[in-house]
Protein chains: 2
Amino acid sequence: MTAAIAIADASGLAAVSMRAVAARLETGAASLYRYLSSRDDLLDLMADRVAAELRPYPEPDGDWLDTLVRMARAQRAVHERHPWLFELSQRASAIGPEALAFFDACLKVMAPVEAPFAAKFEAIGMMNGVAILFARKRTAGESLTFVGLDVTPYPYLLAAFSEPVSAPPATDLFERALRSLLRGLLTPDGA
Amino acid sequence: MTAAIAIADASGLAAVSMRAVAARLETGAASLYRYLSSRDDLLDLMADRVAAELRPYPEPDGDWLDTLVRMARAQRAVHERHPWLFELSQRASAIGPEALAFFDACLKVMAPVEAPFAAKFEAIGMMNGVAILFARKRTAGESLTFVGLDVTPYPYLLAAFSEPVSAPPATDLFERALRSLLRGLLTPDGA
DNA sequence: TGTAAACTGCAAACATCGTTCGCAGTTGCG
DNA sequence: CGCAACTGCGAACGATGTTTGCAGTTTACA
């Protein structure tokens, strides 16, 4: 449901209650159960709907690693656009056709790679994980709050805070990390 | 509360309700609010209590990278022991003294590294993320369920499944991935 | 010791949640 | 027209986190 996604984008996953979605649709909460079997169903649909934003998949031209990196970048973008997707990705639920299509597209890109399916499977999982990891880093930012905590027992932390803040280092770590990880996973030699 | 952690270990985070914890303590649900201000408070305490299992921190002998890898391994072990910790780590809540102590210990290990604090901060975040990533991989396993989905539209996926399963590749990818990531983040040259 | 103040435990109640039930109103079809 | 199937949804159920009010107990001080 587009309405549910709009609510989640605006106010987070917790705000996606059946009553809230129904209200946005100007109907009653019970009516939703004519189309959905449960709230979990709704969440699955949301995840799959948003997975469609990964399209169109890049054509596997040139290096397969380049193509995979481009796909991972798309994944990261989607996760930045919809931060609540992270919460969904951890639920053990049925994966939808869009997610499966993306999976298939990854396999297609990896077709020229000589590696067992298990390795490719793991590689896709890692790619997904790294994409989420970096998306969260940007989303959450430096929102660490040492609320009311005395930092004096932590000398190194204290010293670090007294250092003048410098420019963020961040050359494109995302791409480098992903490349070395995938290469390590899919090619016989080490990284 | 130890009781809450026991419940979470046994039945997952969702089972940690105020009433369930109170029942385990043979008391009433409302009584808990004499010691906790909310359920979120309880979850924060659980996370910090479990972070204490990261002790004792290794002495920074030899290479700092070796030591960090050892600490990341401890993190992964904790996440495997308490899978619900993953759900907690995504909440933007106050971090407790144990987590801060671990953070401080990481900084201590990184003391000989010539890098701005921001880079070290990111490195710790990445180390944490990778540890969780690998812990989840082992916990969740291959529990993907293409429940009732027709896979014929996904030719590469179909082909992959027809391949005979081979032994898991998994040389110690965890360590290699972590090393290259941390090195890339903390040293001037590329990985 | 006696009394007032403070603290503690907790049953009951409230708001909100996901979900189910049953009943009207509508539609489709012979 | 009549009947069956479908649709929308108010009301209610069970569970959740949290608040409230009231007893029972401990503490502090004259």
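First the proteins, then the strands, lettered A, B, ... as listed; each starts at 1. Bear in mind the structure is a predicted one, so any value in this text is a computation, not a measurement.
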Under 6.0 Å between ring centres, would you say that holds for B/Phe121 and B/Phe103? yes
Quick one: ring-ring contact (aromatic ring centres under 6.0 Å, His included) partners of A/Tyr57, sequence neighbours excluded?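 Residues passing ring-ring contact (aromatic ring centres under 6.0 Å, His included) with A/Tyr57: A/Phe102.
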[X] bridged to [Y] by N-O distance under 4.0 Å:
X	Y	result
B/Glu53	B/Arg81	yes
B/Glu98	B/Arg55	yes
B/Arg73	B/Glu175	yes

Determine to 10° how strongly the helix from C/dT1-D/dA30 to C/dG30-D/dC1 is bent, judged from the axes of its five-pair ends.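 Computed angle between terminal axes is 10°.
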Would you say A/Thr27's side chain and A/Ala23's backbone share a donor-acceptor pair under 3.5 angstrom? no
Donor-acceptor contact below 3.5 Å, side chain A/Arg39 vs main chain A/Val16: yes
Kindly state each residue pair satisfying side chain to side chain donor-acceptor pair (under 3.5 Å) with at least one member in residues 11-22 of chain A, sequence neighbours excluded. none
Once each nucleotide of nucleotides 17-23 of chain D is scored for protein heavy atoms under 4.0 Å, what B/S/- sequence comes out, 5' to 3'? BBB-B--
Restricting to side chain to side chain contact (heavy atoms under 4.5 Å, CB included), what partner residues turn up for A/Ala30, sequence neighbours left out?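 Residues passing side chain to side chain contact (heavy atoms under 4.5 Å, CB included) with A/Ala30: none at all.
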Could you give the start and end, 5' to 3', of the contact zone on DNA chain C for chain A, using atoms under 4.0 Å from its heavy atoms? C/dC17 to C/dG22
Evaluate the criterion side-chain contact (heavy atoms from CB on, under 4.5 Å) for residue pair B/Asp104 and A/Leu158; output intermediate values, then yes/no. CA-CA 9 Å; B/Asp104 192 65; A/Leu158 200 62; over 6 Å; no
Whole-Å distance separating the CD atom of A/Glu26 from the P atom of D/dT7: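 Roughly 21 Å, once rounded to whole Å.
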